[in-house]
Amino acid sequence: MSHFQTNGRTMLGYLTDPAGPAGLRLATDLPEPEAKPDEVVVEVRAFAINHDELNLIKRRPDGWRPGQDVAGVVIAAAADGTGPALGERVVCYLDWEGWAQRIPVPVKRLAVLPDSVTFEQAAALPIAGITALRAVRVGGALLGRRVLITGATGGVGQFATQLAVASGATVTALVSRPERTPDALALGAHHAVTSLEDPALGPFHLVLDGIGGDLTAQAVRRLAPGGHLAWYGNLGGAAELRLADFYAQGWNAHIVGFISPVPEDTLGEDLAILAGLVADGRLTPDIGLTLDWTQTPKAFEAIESRTLRGKAVLTLRD
Ligand SMILES: NC(=O)c1ccc[n+]([C@@H]2O[C@H](COP(=O)([O-])OP(=O)(O)OC[C@H]3O[C@@H](n4cnc5c(N)ncnc54)[C@H](OP(=O)(O)O)[C@@H]3O)[C@@H](O)[C@H]2O)c1
């Protein structure tokens with residue numbers, strides 16, 4: 001049993017609704033969370049949205065409760081005695097239900113925040129930061145190695161660029177257009193390019209690709225022998241690969257079909273690593289848009305129109 005008393009109260013939170021802006025409706029009558037023994041209850045202070053949630057919301061138009069990236073304050077500790085205490089500030093990686101005033105969170109899916117990390121910075125971390133951190137690990141030791149990041153100024157790409165730089169790699173950022181070049185260099189990338197056509201690029205020990213389409217085959221042609229490509233997204237459409245793409249120079253190279261939430265048991269541990277890197281200045285979430293949470297549909301418009309750089313964060317008042 002949770003120590004949190006629901007007392008039949010209701011709260012605000014988003015539901016999917018095809019008639020609403022961005023397929024969402026801010027409901028006023030959601031039931032208060034009922035926490036399981038290994039869950040805390042968090043009062044949400046900020047959340048972020050992700051590109052893939054555009055698709056998730058369309059796929060589940062029936063009153064489903066979205067929301068994966070959340071930061072807030074623990075208002076009820078876990079009944080089994082594990083996890084953070086009442087009043088601790090936390091960041092959480094959820095599968096759903098995060099865009100509400102109060103939410104239940106399994107202890108293994110959260111990390112306590114250092115004092116210097118703001119709720120807004122923390123909310124930007126879960127999906128995008130964990131994807132970047134775990135995808136960077138696909139390359140093993142990166143000190144002195146060449147790394148290519150596609151979509152380098154996007155939600156995942158900005159973290160991947162900074163983490164690869166922090167690991168000692170020489171990073172080439174692929175950006176969608178020349179105007180994004182200064183942003184990529186500000187993230188620490190050593191070079192920024194708008195295409196992979198130049199055969200002098202690479203060879204790359206590691207490629208992180210969230211775009212797919214024609215870029216994936218081009219990136220494989222720039223891999224070093226035995227290199228790795230972590231393929232985590234296909235915003236640019238389906239990719240077509242030929243064996244000959246590996247024979248350009250990436251002999252015995254590997255493509256990893258990458259998914260970020262696995263393994264689940266160490267999500268909290270990895271969130272703590274990201275929050276620690278933010279606290280000591282090695283990682284700075286690039287937040288291109290901050291709005292009150294009642295403006296969430298506007299934030300989705302910024303993603304869909306590709307005007308957003310970095311992450312969009314929504315805030316809730318105390
Ligand atoms: N496998 C996983 O576990 C996992 C986890 C997280 C995300 N993802 C996937 O990763 C992808 C990126 O997610 P995100 O949240 O980082 O998205 P995002 O914040 O919208 O960033 C996307 C980036 O890619 C660029 N881009 C978009 N479409 C492009 C195209 N057709 N050609 C070239 N560049 C393009 C954007 O450039 P502009 O600046 O010009 O818009 C932006 O820099 C999505 O497909 C998402 O579903 C997968």
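Ligands are counted one by one from 1 in listed order, and the atoms in each one are counted from 1 as well. The chain is numbered in sequence order, starting from 1. Since we're looking at a predicted model, the values are computed, not measured.
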Could you list which atoms of ligand 1 come closer than 4.0 Å to a heavy atom of Gly236? 31 (N)
Strictly below 4.0 Å, N to O, side chains only: are Glu304 and Lys58 in salt-bridge contact? yes
I want to check something: taking the side chain as every heavy atom from C-beta on, are Phe246 and Ile255 in contact at a cut-off of under 4.5 Å? yes
Give a yes or no on whether the backbone of Trp64 and the side-chain of Thr16 come within a donor-acceptor separation of less than 3.5 Å. yes
Under 4.0 Å from a heavy atom of Thr153: give me the atoms of ligand 1 that qualify, with their elements. 43 (O)
Using 30° and 60° as the class boundaries, would you call the ring planes of Phe300 and Trp99 parallel, tilted or perpendicular? tilted
Which of the numbered atoms in ligand 1 are below 4.0 angstrom from a heavy atom of Ile259? 1 (N), 3 (O)
Could you tell me, atom by atom, which parts of ligand 1 come under 4.0 Å of a heavy atom of Arg177? 38 (P), 40 (O)
For atom 40 (O) of ligand 1, what is the closest protein heavy atom, and at what distance to 0.1 Å? Ser176 OG, 2.5 Å
Taking atom CG of Leu316 and atom CG of Leu12, what is their separation to the nearest 0.5 Å? 8.5 Å
Looking at every non-hydrogen atom in both residues, tell me the closest pair between Ala71 and Ala122 and how far apart they are. CB-CB, 3.8 Å
Would you kindly confirm whether Val138 and Val147 end up in one hydrophobic cluster when ILVMFWY residues are joined by side chain heavy atoms under 4.5 Å apart? yes
Select the closest option to atom 12 (C) of ligand 1 among Leu235, Leu308, Thr150, judged by heavy-atom distance. Leu235
Out of Gly157, Ala312, Ser260, whose heavy atom is nearest to atom 3 (O) of ligand 1? Ser260
Is there a donor in the side chain of Thr10 and an acceptor in the side chain of Asp29, or the other way round, less than 3.5 Å apart? no
Relative to the heavy atoms of Gly155, which atoms of ligand 1 are at a distance of less than 4.0 Å? 16 (O), 18 (P), 19 (O), 21 (O)
Identify the closest protein heavy atom to atom 4 (C) of ligand 1: which residue and atom is it, and at what distance? Tyr232 O, 3.7 Å
Atoms in ligand 1 flagged as close to Asn234, the criterion being non-hydrogen separation under 4.0 Å: 45 (O)
Who's the nearest protein heavy-atom neighbour of atom 43 (O) of ligand 1, and how far? Gly154 N, 3.2 Å
When you compare ligand 1 with Gly233, is there at least one nitrogen or oxygen pair between them that comes in under 3.5 angstrom? no
Look at atom 39 (O) of ligand 1 and find which of Arg180, Glu304, Arg306 reaches it with the closest heavy atom. Arg180
Quick test: of every protein heavy atom, which one is nearest to atom 13 (O) of ligand 1, and how far off is it to 0.1 Å? His51 CB, 4.0 Å
So does Asp115 have more than 12 non-hydrogen atoms from other groups sitting under 6.0 Å from CG? no
In terms of atom number and element, which parts of ligand 1 are under 4.0 angstrom from non-hydrogen atoms of Ile127? 6 (C)
Would you mind checking which non-hydrogen protein atom is closest to atom 16 (O) of ligand 1, with the distance to 0.1 Å? Val156 N, 2.9 Å
For atom 25 (C) of ligand 1, what is the closest protein heavy atom, and at what distance to 0.1 Å? Ile211 CD1, 3.7 Å
Side chains of Tyr93 and Pro261: closer than 4.5 Å at any heavy-atom pair? yes
Minimum side-chain heavy-atom gap Leu229-Phe204 below 4.5 Å: no
What atoms of ligand 1 come closer than 4.0 angstrom to any heavy atom of Gly210? 11 (C)
Search all heavy atoms of Ala77 against all heavy atoms of Leu86 and return the closest pair with its distance. CB-N, 4.4 Å
Minimum distance, heavy atoms only, to atom 6 (C) of ligand 1: which one of Asn55, Thr131, Asp52 is it? Thr131
